[in-house]
*Asks:* 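Before we start, here is the structure in question, set down as structure tokens.
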Amino acid sequence: MSNHSSYDDLQTHIRGLKTPSIETWENQYSHRNYTIEITNLEFTAICPKTGLPDYATICITYVPNQHCVELKSLKEYFVFFRDVGIFHEHVVNKVLEDFVEACKPREAEVVGDFNIRGGIKTVVRTSYEKE
């Protein structure tokens with residue numbers, strides 16, 4: 001009997017994982033730098049080792065350029081992960097990549113603050129800055 005979960009193979013294909021589209025709308029104040037902070041207090045994914053749910057607060061902070069993110073589509077994007085076995089580090093980096101691809105911000109930071117599991121607390125941060 002194998003000790004591996006059904007999610008093991010997915011970890012090598014995370015960057016190519018097809019996720020729902022994050023929609024945007026045109027920023028009428030793109031001439032100005034301002035910061036938008038979006039917090040999802042109810043993020044859920046699956047631990048790829050145990051198959052149990054992982055819970056987190058995901059915070060995206062960004063300085064928009066030409067487009068801002070439409071929140072309903074972002075919520076649907078987050079819900080997609082409920083059934084995905086994915087490591088904490090991969091979640092945060094995947095969210096940043098998809099977010100930057102969608103709205104092409106001047107800057108963005110994604111922080112995943114994961115609930116304690118087995119006495120261990122994980123916080124993962126990643127960021128992007130337009131060249």
*Asks:* L71 and V110: same hydrophobic cluster, using ILVMFWY side-chain contacts below 4.5 Å?
*Replies:* yes
*Asks:* First locate atom CD1 of I22, then atom CG of D98, and finally report the distance between them rounded to the nearest 0.5 Å.
*Replies:* 5.5 Å
*Asks:* Can you list the steps and then say if E70 with S73 is a side-chain hydrogen bond (donor to acceptor under 3.5 Å, both in side chains)?
*Replies:* CA-CA 6 Å; E70 192 278 315; S73 70; 3.3 Å; yes
*Asks:* For the residue pair C103 and T24, what are the closest heavy atoms and their distance?
*Replies:* CB-CG2, 3.7 Å
*Asks:* Less than 4.0 angstrom from a charged side-chain N to a carboxylate O is my criterion; do E107 and K130 meet it?
*Replies:* no
*Asks:* Please find the pair of heavy atoms, one from P64 and one from R106, that lie closest to each other, and give the distance.
*Replies:* O-NH1, 3.0 Å
*Asks:* Applying side-chain hydrogen bond (donor to acceptor under 3.5 Å, both in side chains), run through N65 and S30 and close with a yes or a no.
*Replies:* CA-CA 5 Å; N65 197 6; S30 61; 5.6 Å; no
*Asks:* Please round to the nearest 0.5 Å and tell me the distance separating atom NZ of K18 and atom CZ of F80.
*Replies:* 9.0 Å
*Asks:* Side chains of T57 and D113 only: does a donor on one sit below 3.5 Å from an acceptor on the other?
*Replies:* no
*Asks:* Would I60 and V100 show up in the same hydrophobic cluster when neighbours are defined by side-chain heavy atoms closer than 4.5 Å?
*Replies:* yes
*Asks:* Report whether V123 and I58 are members of the same hydrophobic cluster (ILVMFWY, side-chain heavy atoms less than 4.5 Å apart, transitive linking).
*Replies:* no
*Asks:* Is it true that I38 and Y34 fall in one hydrophobic cluster, defined by side-chain heavy atoms closer than 4.5 Å?
*Replies:* yes
*Asks:* Give the ring-plane orientation class for H90 versus F87, where under 30° counts as parallel, over 60° as perpendicular and anything between as tilted.
*Replies:* perpendicular
*Asks:* To the nearest 0.5 angstrom, please state how far the CG atom of N27 sits from the CZ atom of R32.
*Replies:* 10.0 Å
*Asks:* Output, in order, the C-alpha distance, side-chain angles, deciding distance and verdict of side chain to side chain contact (heavy atoms under 4.5 Å, CB included) for K94 and R15.
*Replies:* CA-CA 7 Å; K94 177 69 172 152; R15 296 186 81 179; 5.8 Å; no
*Asks:* List the atom of T35, the atom of T61, and the distance in Å for their closest heavy-atom pair.
*Replies:* CG2-CG2, 3.4 Å
*Asks:* Answer with yes or no whether the hydrophobic clustering places V84 together with F99; edges join I, L, V, M, F, W, Y residues whose side-chain heavy atoms lie under 4.5 Å apart.
*Replies:* yes
*Asks:* Is it the case that the ring center of Y55 lies less than 6.0 angstrom away from the ring center of F114?
*Replies:* no
*Asks:* Taking all heavy atoms of W25 and all of V69, pick out the closest pair and write down the distance.
*Replies:* NE1-O, 3.5 Å
*Asks:* Is atom CD of E42 surrounded by more than 12 heavy atoms (other residues, nucleotides or ligands) closer than 6.0 Å?
*Replies:* no
*Asks:* Is the number of heavy atoms from other residues, nucleotides or ligands within 6.0 Å of CG (L52) greater than 12?
*Replies:* yes
*Asks:* Please check if the number of heavy atoms outside K121 that lie under 6.0 Å from its NZ is greater than 12.
*Replies:* yes
*Asks:* Kindly compute the distance separating CG (N93) from CZ (R125), expressed to the nearest 0.5 Å.
*Replies:* 13.5 Å
*Asks:* Measuring only between side-chain heavy atoms, which start at C-beta, is Y128 closer than 4.5 Å to L96?
*Replies:* yes
